[in-house]
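Below is one structure; the comments refer to it alone.
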Amino acid sequence: MAVSPHLTLVDGSGYIFRAYHSLPPMTRPDGTPVNAVYGFTTMLLKLMADSASDHLAVVFDAGRRTFRTELYPAYKAQRPEPPEDLVPQFAVIREAVRALNVPCLEREGFEADDLIATYARHARAQGARVTIVSSDKDLMQLVRDGVDMLDPMKNKTIGPTEVMEKFGVPPTRVVDVQALAGDSVDNVPGVPGIGLKTAAQLISTYGDLDTLLARAGEIPQPRRRQMLQEHADDARLSRELVRLRDDLEISETLADLGLTKPDPETLRAFLSENGFRSLLARVEAVCGPAPAGTPATAAASPAVDDYHLVTTVAALEPWIAEARHAGVVAVDTETNSLKARTATLVGVSLATRPGRACYIPFAHQPPHSGTLALDGPATGPFAIDDRDGALALLGELLADPGVLKVGHNIKFDLHVFKGVGLDTVAPLDDTMVLSYVLDGTLHGHGMDELAERHLGRTTIPFEAVCGKGKTQITFDRVPLDKALAYAAEDADVTLRLHKVLRPRLLAERLVRVYETLDRPMVPLLAAMEQAGVMVDPLRLRALSETFARRMGDLEDEIHGLAGHPFNVASPKQLGEVLFDEMGLPGGKRSSKTGAWSTDAQVLDTLAGDGHVLPARVLDWRQYAKLKSTYTDALVEDIDPATRRVHTTYGLTTTSTGRLSSNDPNLQNIPIRSEDGRKIREAFVAPPGHRLVSADYSQIELRLVAHVADIKALRDAFAHGQDIHALTASQVFGVPIEGMDPLLRRRAKAINFGILYGISAHGLARQLGITRGEAGAFIEAYLARFPEIQAYMDRVKEEARAKGYVETPFGRRIPTPGISDRNPVARAMAERQAINAPIQGGAADIIKRAMIRLPDALAEAGLTARLLLQVHDELIVEVPKTELDALVPLLRRTMRDTVALTDDKGRTTVPLEVDVGVGGSWAEAH
DNA sequence: CGGATCACG
DNA sequence: GACGTACGTGATCCGG
């Protein structure tokens with residue numbers, strides 16, 4: 001059966017910039033930067049593997065001058081030059097495309113978009129389907145029946161519906177809308193005062209641009225009418241600029257663009273030259289099997305994986321010996337649950353070198369069949385012959401100081417091993433943490449994703465082994481042959497990832513961050529999770545009842561006020577009651593869904609105007625939140641065996657280096673409201689103990705004073721002054737003595753704004769003042785503390801030049817959006833870049849203190865233990881008898897483990913720690 | 001499963 | 001008055 005051809009056209013420039021900005025700097029041995037080359041190559045390889053299309057071409061821009069710059073010299077004139085380390089990569093990327101045997105299309109005097117339009121038209125004429133790979137909105141005008149787009153950023157297909165969402169008109173009218181709205185980034189003039197929304201509305205009303213311009217006199221709004229009449233020629237010019245030319249002469253026919261396998265030797269040569277060793281391993285997959293006699297590459301591994309099932313201690317012994325001999329072993333556990341602390345150990349896999357691994361079953365069930373005996377008697381073995389003997393051997397290996405244990409998210413395995421009495425796993429490395437330190441949140445750190453990315457290997461998905469949804473089985477029910485293939489691969493892949501990632505630490509100067517900040521956190525967090533915190537269920541249940549009663553009363557009152565019952569928890573129904581039925585003023589519709597907004601800000605304004613219903617809903621919401629998220633849910637999270645709640649900390653989740661806490665989240669337990677704070681009374685110390693809470697005072701502002709080197713702030717901190725009052729006195733020119741509390745509150749908001757990468761709008765919103773007033777405050781602030789502006793400029797520049805920013809301790813935080821063409825997205829990336837070293841620096845400091853603490857406690861002979869971390873606060877459980885010794889020790893450890901110093905080692909800003917003690921968290925705080 | 005809302009630092 | 005609003009998280013609920 002003939003299948004219609006399918007042509008994929010890749011917007012090469014978009015791909016290049018995406019590759020460049022999504023990867024940290026990389027260089028090949030001769031110093032040439034290659035991060036964009038590498039990213040581009042992997043993206044194109046992935047596209048070739050995933051795409052169902054049989055024709056492919058990559059289209060490039062040929063230069064800056066095009067027929068459009070002839071027409072209108074300002075067009076795209078303010079585009080910044082590409083980063084200097086990207087320029088030399090353009091030529092290499094064209095080499096990459098050629099090495100992959102993919103045609104490159106480009107034409108002097110035209111943009112890539114025009115070639116794409118032209119080739120798309122020809123392909124359609126020959127009955128082919130077309131997919132354009134790009135996230136450039138300018139290409140959306142080409143979408144039609146048989147032509148769609150693939151946005152590689154979001155991995156999302158763009159068809160007529162998506163174009164309609166973006167522009168408010170069908171693809172055929174996109175150029176008209178763009179002609180009216182213009183584009184400040186590309187210098188397309190458009191008509192002043194008309195943006196995307198208005199343009200779409202006008203075009204929808206009048207049909208097309210020419211009709212609109214002809215009938216502009218009918219526009220009711222005087223200003224809009226005048227603008228349209230005065231700028232009609234600008235609109236026509238704009239249309240010529242944005243409309244793509246699809247009538248270029250073509251140099252290749254559709255047949256010339258047919259997908260062909262690359263020549264393996266050419267491809268190998270290219271990959272070797274650029275040092276893409278991990279990609280070399282994929283050449284066979286891309287080009288077909290290598291001819292006999294091809295020399296093995298550096299990343300060579302057995303052609304067939306050497307995986308073994310180990311069911312006797314006698315068979316296990318040589319594996320342990322092999323691991324000792326190698327000095328490195330990858331370890332992975334299989335369990336019947338994702339709750340590591342309580343999971344049953346089902347099996348363990350070990351990998352001793354790439355491609356060689358074993359699986360030791362500990363608790364597999366006999367195969368399950370509906371009617372017994374139908375498959376004959378179940379035959380073993382389903383577990384290793386001598387469980388205790390095997391665990392003893394394994395325990396020695398795990399504790400052997402001469403053997404590095406490598407795991408992927410090894411914190412999970414530490415809990416599982418602890419569950420079978422194996423307490424010591426050291427030394428250890430974690431490939432998930434390595435990946436996080438190297439690449440931050442540029443991509444996920446799951447093993448499957450990393451295997452694909454770094455090894456070009458598609459791993460067996462868990463669901464392929466255990467199924468999913470209702471029919472999912474636990475791992476102990478998986479037949480041993482499948483369990484072996486899955487589990488051994490996990491250990492194998494972990495070891496291979498370690499070989500790729502560990503050397504990058506040194507090359508990219510991240511050894512210190514990994515070794516002194518994140519790796520030591522792994523066993524420490526495991527111990528904190530294991531310890532848990534004691535929670536009093538009676539206290540929580542009593543609160544639940546109180547909250548339920550108040551909610552019931554409020555609900556009755558709300559329904560009465562509305563005149564009928566409705567679901568108060570439904571923002572949709574509430575919005576209809578408030579704005580459609582009651583006709584209250586001030587309704588805002590969300591731009592996305594068109595639903596009425598009913599958030600606290602909106603309700604608070606209405607309540608302030610004397611409306612009772614919104615005020616009651618605010619109260620109801622507070623109780624609903626406290627009850628469902630905390631008092632009800634936390635009771636369920638108490639482990640009956642320990643009577644404690646055990647959270648799980650995320651070490652590789654946040655963009656800045658902070659921890660996260662989940663299942664349950666113990667980093668967002670209420671404190672700001674009176675009712676909410678009561679929940680902390682349920683977090684208690686066991687009999688004979690106390691909880692101690694110690695938190696850093698103003699740590700992020702201190703970091704600002706340090707990184708931006710602000711003399712006035714440094715002095716204020718050095719002298720222990722009230723920092724917000726000082727700010728108010730500087731900005732508003734009032735004395736500190738007898739200050740108006742309103743001014744101090746405003747200064748405090750400005751200080752927070754600085755941490756967040758201040759904007760007049762954000763500050764205005766926070767303080768309920770006008771944008772102009774907020775702007776004036778910021779101006780006054782920057783005049784008083786001029787170093788802040790220099791810091792912000794410096795950070796933005798660093799982000800643009802390197803693609804990342806750094807904390808004072810060397811942690812790298814990628815800033816992928818920093819050169820985004822969309823000014824809103826770019827501004828957000830800039831604020832993130834400004835905030836990241838501050839938030840991340842504070843995270844580094846508390847991590848250092850946490851890592852130091854167990855040793856400090858041991859040296860002092862104390863048994864107190866760390867239970868919780870909440871970003872700038874540590875909660876420790878301590879026997880009453882140790883209290884007097886612990887409090888000063890904890891304070892000193894947090895305050896003095898890390899010092900903020902200048903390049904001569906002098907302290908720039910001191911740290912301070914507030915400590916509280918009590919029988920509950922509420923009391924201690 | 002995405003969006004709205006709201007708890008924390 | 002075009003664009004959309006401060007930085008970083010996770011849990012719960014609704015509604016398609």
Side-chain angles (χ1 to χ4, degrees), chain A residues 180-185 190-199 223-224 441 567-575 590-593 595-603 617-618 621-622 624-630 632-634 637 647-650 653-673 676-677 679-680 695-696 698-700 749-767 771 774 778 813 822-840 842-843 846 869-873:
Chain A
L180 283 173
D183 187 328
S184 57
V185 177
V191 176
I194 296 190
L196 221 46
K197 287 275 155 57
T198 314
R223 170 134 182 98
R224 189 176 289 171
T441 43
N567 184 352
V568 182
S570 162
K572 182 165 172 282
Q573 294 180 32
L574 176 64
S590 92
S591 53
K592 259 205 173 76
T593 62
W596 292 109
S597 166
T598 67
D599 63 21
Q601 174 119 35
V602 170
L603 298 187
V617 171
L618 280 172
R621 278 209 184 139
Q622 198 208 151
K625 178 81 176 181
L626 296 178
K627 182 168 183 292
S628 71
T629 309
Y630 301 104
D632 286 354
L634 274 174
D637 287 319
T647 184
T648 302
Y649 287 100
T653 327
T654 67
S655 59
T656 57
R658 272 191 179 180
L659 300 180
S660 69
S661 157
N662 64 72
D663 195 24
N665 183 354
L666 295 186
Q667 290 181 322
N668 71 347
I669 301 300
I671 189 166
R672 293 175 188 172
S673 80
R677 189 186 287 252
I679 292 166
R680 294 195 175 211
D695 67 279
Y696 284 106
Q698 313 271 27
I699 189 165
E700 293 196 351
I750 298 174
N751 279 330
F752 274 98
I754 294 297
L755 303 180
Y756 299 152
I758 199 148
S759 77
H761 279 285
L763 183 62
R765 211 171 99 90
Q766 179 65 33
L767 285 177
R771 197 186 132 283
I778 294 171
I813 296 148
N822 173 353
V824 176
R826 195 169 58 240
M828 188 194 308
E830 289 174 352
R831 293 193 300 268
Q832 291 168 337
I834 290 164
N835 174 258
I838 302 164
Q839 189 183 113
I846 198 167
Q869 189 249 43
V870 192
H871 309 309
D872 66 355
E873 173 189 13

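Proteins come first, then strands; the chains are lettered A, B, ... in the order of their sequence lines, and each starts at number 1.
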message = Testing the basics here: between A/T653 and A/S660, what is the closest heavy-atom pair and its distance to 0.1 Å?
response =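 Result for this residue pair: OG1-OG, 3.4 Å.
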request  = Grab the stems for DNA chain C, please: at least three consecutive Watson-Crick or wobble pairs, both distances below 3.5 Å, written as range with range.
outcome  =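 Ordered by first number, the stems with DNA chain C (at least 3 consecutive pairs each) read B:1-9 with C:7-15.
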ask   = Counting N and O atoms only, with roles assigned by atom type, does the side chain of A/T647 sit under 3.5 Å from a partner on the main chain of A/N662, one being a donor and the other an acceptor?
value =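 Judged by distance alone, yes, a pair lies under 3.5 Å.
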query = Within the side chain of A/Y756, is there an N or O that forms a donor-acceptor pair under 3.5 Å with the backbone of A/G762?
reply = no
Categorize [X] for me: base, sugar-phosphate, or nothing, with a 4.0 angstrom heavy-atom threshold over every strand shown.
X: A/A774; result: nothing
X: A/S184; result: nothing
X: A/G753; result: base
X: A/Q839; result: base
X: A/E873; result: nothing
X: A/A764; result: nothing
X: A/A633; result: sugar-phosphate
X: A/N567; result: sugar-phosphate
X: A/G193; result: sugar-phosphate

request  = Please tell me which of A/S628 and A/I750 maps to the more 5' nucleotide of DNA chain C, matching each residue to the nucleotide holding its nearest heavy atom.
outcome  = A/I750
request  = Report the residue (A/L755 or A/T629) whose heavy-atom-nearest nucleotide on DNA chain C is the more 5′ of the two.
outcome  =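 Counting from the 5' end, the first nearest nucleotide belongs to A/L755.
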Would you mind reading off the distance between [X] atom [atom1] and [N] atom [atom2], rounded to a whole angstrom?
X: A/D599; N: B/dC6; atom1: CG; atom2: P; answer: 6 Å
X: A/Q622; N: B/dC6; atom1: CD; atom2: P; answer: 11 Å
X: A/R677; N: B/dG9; atom1: CZ; atom2: P; answer: 10 Å
X: A/L626; N: B/dT5; atom1: CG; atom2: C1'; answer: 13 Å
X: A/L574; N: B/dT5; atom1: CG; atom2: P; answer: 9 Å

request  = Please list, chain by chain and in numerical order, all residues satisfying side chain to side chain donor-acceptor pair (under 3.5 Å) with A/N668, sequence neighbours excluded.
outcome  = A/Y630
Those residues that, when tested against [X], pass side chain to side chain contact (heavy atoms under 4.5 Å, CB included) (two or more places apart):
X: A/R771; answer: A/A760, A/H761
X: A/D183; answer: A/K137, A/V185, A/D186, A/V188
X: A/S655; answer: A/T441

Whole-angstrom distance between [N] and [M], as gauged at atom [atom1]:
N: B/dC6; M: C/dA6; atom1: P; value: 15 Å
N: C/dT12; M: C/dG16; atom1: P; value: 22 Å
N: B/dA4; M: C/dG4; atom1: P; value: 14 Å
N: C/dT5; M: B/dT5; atom1: P; value: 14 Å

request  = Please tell me if the side chains of A/I699 and A/I846 come closer than 4.5 Å, counting only heavy atoms from C-beta onward.
outcome  = no
request  = For DNA chain C, note the earliest and the latest nucleotide, 5' to 3', having some atom under 4.0 Å of a heavy atom belonging to chain A.
outcome  = C/dA2 to C/dG15
[X]: what forms a salt bridge (Lys or Arg N to Asp or Glu O under 4.0 Å) with it, not counting sequence neighbours?
X: A/D637; result: none
X: A/E873; result: none
X: A/D663; result: A/K339
X: A/K627; result: A/D632

key: Residue pairs fulfilling salt bridge (charged side-chain N to carboxylate O under 4.0 Å, His left out) with at least one residue in residues 827-838 of chain A, sequence neighbours excluded   =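 Pairs touching residues 827-838 of chain A that pass the test: A/R800-A/E830.
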inquiry  = Any residue in residues 653-672 of chain A with a heavy atom nearer than 4.0 angstrom to DNA chain B? Just list them by number, or reply none.
reply    = A/R658, A/Q667, A/N668, A/I669, A/P670, A/I671, A/R672
